[in-house]
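Given the structure is predicted, the values throughout are model-derived calculations rather than measurements. So you know, we letter chains A, B, ... as the sequences are listed, proteins then strands, and number each from 1.
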There are 2 protein chains.
Amino acid sequence: MATSNVRVYRDLMGENEKWAAQTREFLGAKKLTMLNLIGSPGSGKTTLLECLVQEAGDRVRFSVLEGDVETTHDAERIARLDIPVSQLLTNGACHLEAKLVHYALKDLATSEGSVVVVENVGNLVCPAEFDIGEHAKIAVLSVTEGEDKPLKYPLLFRECKAVVLSKTDLLPHLRFDIAQCRDYVRQVNASVPVFEVSAMSGAGVRELLNWVLSVRA
Amino acid sequence: MATSNVRVYRDLMGENEKWAAQTREFLGAKKLTMLNLIGSPGSGKTTLLECLVQEAGDRVRFSVLEGDVETTHDAERIARLDIPVSQLLTNGACHLEAKLVHYALKDLATSEGSVVVVENVGNLVCPAEFDIGEHAKIAVLSVTEGEDKPLKYPLLFRECKAVVLSKTDLLPHLRFDIAQCRDYVRQVNASVPVFEVSAMSGAGVRELLNWVLSVRA
């Protein structure tokens with residue numbers, strides 16, 4: 001087939017990326033920082049959020065978008081902290097997409113300079129594939145899940161800007177090798193900081209909060 | 001618009017369902033029973049499988065298809081039990097589809113009357129949506145994940161024929177209410193049996209094996 005001089009315009013950004021870009025613009029204009037919290041079901045994302053908000057006190061204001069397949073349990077828990085929160089239900093889908101986040105974010109009562117945390121659907125695979133316009137993804141891995149998850153679900157651990165090893169208070173009762181897990185994280189993401197956190201004892205929460213403050217826009 | 005008498009033929013079964021149907025035919029012809037093990041990353045599916053195989057002894061032969069996004073860790077673990085096993089890698093996808101399972105199953109060295117366990121990708125959402133031709137789905141929920149998962153991920157708990165509450169040896173160290181969790185399971189699936197299992201102590205493994213034998217084709 002002969003080549004021609006007809007110009008080709010390609011839609012370089014898909015639908016999701018367009019909404020993510022609009023969200024980034026909105027966040028910039030409102031001086032907001034958005035974090036995307038990703039981890040397995042029951043890895044302790046909501047509890048971690050509760051700890052962060054309580055630790056923060058007046059140092060930074062938080063607001064939250066809670067992603068779930070069904071129920072409003074998590075948003076109800078966060079609402080008790082007296083911060084702005086909405087529940088995003090995915091209607092069966094296994095991850096949040098940028099459009100839903102965008103509309104919910106615009107309706108959320110955020111204040112300038114505050115941090116919006118999006119708690120994604122409990123899932124180590126799909127949420128990592130969808131840009132929602134966040135400044136950083138945070139991977140939450142409970143020490144009950146085993147050391148090898150960074151190798152088995154490498155996309156999330158490669159994409160994230162911080163890793164939280166949660167439920168460290170359970171370590172005495174588990175065969176979990178922290179050094180081995182840190183090594184697996186480094187194999188897929190050489191420079192990402194890893195925080196060991198226990199919501200029960202409060203260990204590591206301050207260090208994680210300091211990191212959140214350091215990435216603030 | 002006027003109605004016409006043109007006949008419409010619709011492809012009622014999608015691609016996945018066609019492969020699942022072929023697998024069911026294959027299983028029937030070879031007198032095999034296939035179970036689809038679904039749970040979060042780190043919920044203890046592989047360890048549970050190891051326990052089942054060891055408990056079974058000569059009572060039934062097992063073979064295994066290990067589903068993962070990446071790595072062959074789990075198939076290597078199962079291979080040490082000296083039973084037929086293959087690793088299915090999804091190339092980034094968050095669930096197993098029927099076609100991949102079908103081809104791997106046909107190559108697996110199964111024997112008549114045996115039980116094939118497919119360990120799906122660690123994920124509570126998507127694997128429940130894809131029929132792979134199995135006789136029964138088994139939902140595995142670690143007690144470290146919290147009681148509310150049956151309500152938050154209802155499709156799996158509605159579709160499954162058995163629920164395993166795993167890692168029960170950790171209960172003394174957790175705030176996990178077994179009765180509450182059983183009640184949540186019943187809210188989405190009134191009659192499904194729930195097994196409390198600890199791979200560490202071996203508690204509940206025999207009861208689960210007896211259930212597996214009872215559903216054998």
Side-chain angles (χ1 to χ4, degrees), chain A residues 39-47 66-74 76-77 89-90 92-95 121-129 140-158 166-167 169-176 181 184 187-188 199-200, chain B residues 39-47 66-74 76-77 89-90 92-95 121-129 139 141-158 166-167 169-176 181 184 187-188 199-200:
Chain A
S40 299
S43 57
K45 298 181 290 301
T46 313
T47 306
E66 277 293 339
D68 276 298
V69 177
E70 291 205 19
T71 81
T72 54
H73 289 188
D74 289 352
E76 287 158 23
R77 282 174 60 185
L89 297 181
T90 64
C94 54
H95 60 274
V121 177
N123 184 338
L124 277 188
V125 192
C126 319
E129 294 169 18
V140 183
L141 175 64
S142 158
V143 295
T144 61
E145 294 175 51
E147 302 90 349
D148 59 351
K149 298 303 168 287
L151 299 183
K152 292 176 87 174
Y153 303 89
L155 180 64
L156 171 61
F157 289 89
R158 204 148 47 215
S166 64
K167 307 194 189 184
D169 50 286
L170 292 174
L171 282 171
H173 316 294
L174 303 169
R175 299 181 200 152
F176 182 90
C181 186
Y184 288 150
Q187 286 181 35
V188 297
M200 292 301 143
Chain B
S40 299
S43 57
K45 298 180 291 300
T46 313
T47 307
E66 277 293 339
D68 276 298
V69 176
E70 292 204 20
T71 81
T72 54
H73 289 188
D74 289 354
E76 288 158 22
R77 282 174 59 184
L89 296 182
T90 64
C94 55
H95 60 275
V121 177
N123 183 338
L124 277 187
V125 192
C126 318
E129 294 169 19
L141 175 64
S142 158
V143 295
T144 62
E145 294 175 50
E147 303 89 349
D148 60 351
K149 298 303 169 286
L151 300 184
K152 292 177 86 174
Y153 303 90
L155 180 64
L156 171 61
F157 290 88
R158 203 148 48 217
S166 63
K167 307 194 189 185
D169 50 284
L170 291 175
L171 282 171
H173 316 295
L174 303 169
R175 300 180 200 153
F176 183 91
C181 186
Y184 287 151
Q187 286 180 36
V188 297
M200 292 299 143

A/Lys149 portion near chain B, given a 4.5 angstrom heavy-atom threshold:
side chain
By ring pair (Phe, Tyr, Trp, His ring centres under 6.0 Å), which residues pair with A/His73, not counting sequence neighbours?
none
Does any backbone or side-chain atom of A/Leu155 lie under 4.5 Å from a heavy atom of chain B? Answer side chain, backbone, both or neither.
neither
So, the part of A/Asp169 with a heavy atom under 4.5 Å from chain B: the answer is neither
With heavy-atom distances below 4.5 Å as the criterion, would you say the side chains of A/Val69 and B/Val125 are in contact?
yes
Shorter than 4.5 Å, heavy atoms on both sides: which option in B/Gly92, B/Gly44, B/Gly42 has the most such pairs with chain A?
B/Gly42
Chain A contacts, top residue of B/Arg175, B/Glu145, B/His173 (heavy-atom pairs, under 4.5 Å)
B/His173
At a 4.5 Å cut-off on heavy atoms, which part of A/Ala93 comes close to chain B: side chain, backbone, both, or neither?
backbone
Max heavy-atom pairs within cutoff under 4.5 Å with chain A, candidates B/Pro172, B/Gly122, B/Gly146, goes to B/Gly122
Could you look at A/Leu141 and say if it's the side chain, the backbone, both or neither that has a heavy atom under 4.5 Å from chain B?
neither
Would you check if the side chain of A/Ser166 reaches a backbone N or O of A/Ser43 as a donor-acceptor pair within less than 3.5 Å?
yes
Would a 4.5 Å heavy-atom cut-off, applied to side chains only, mark A/Asn123 and B/Leu124 as touching?
no
Largest heavy-atom contact set with chain A, pairs under 4.5 Å, which of B/Met200, B/Lys152, B/Lys167, B/His95:
B/Lys152
Is A/Tyr153 reaching over with its side chain to a backbone N or O of B/Pro41, donor-acceptor style, under 3.5 angstrom?
no
Are A/Thr90 and A/Asp68 side-chain neighbours, meaning at least one heavy-atom pair lies under 4.5 Å?
no
Side chain, backbone, both or neither: which part of A/Pro154 has an atom under 4.5 Å from a heavy atom of chain B?
side chain
Do the non-hydrogen side-chain atoms of B/Arg77 and B/Thr47 ever get within less than 4.5 Å of each other?
yes
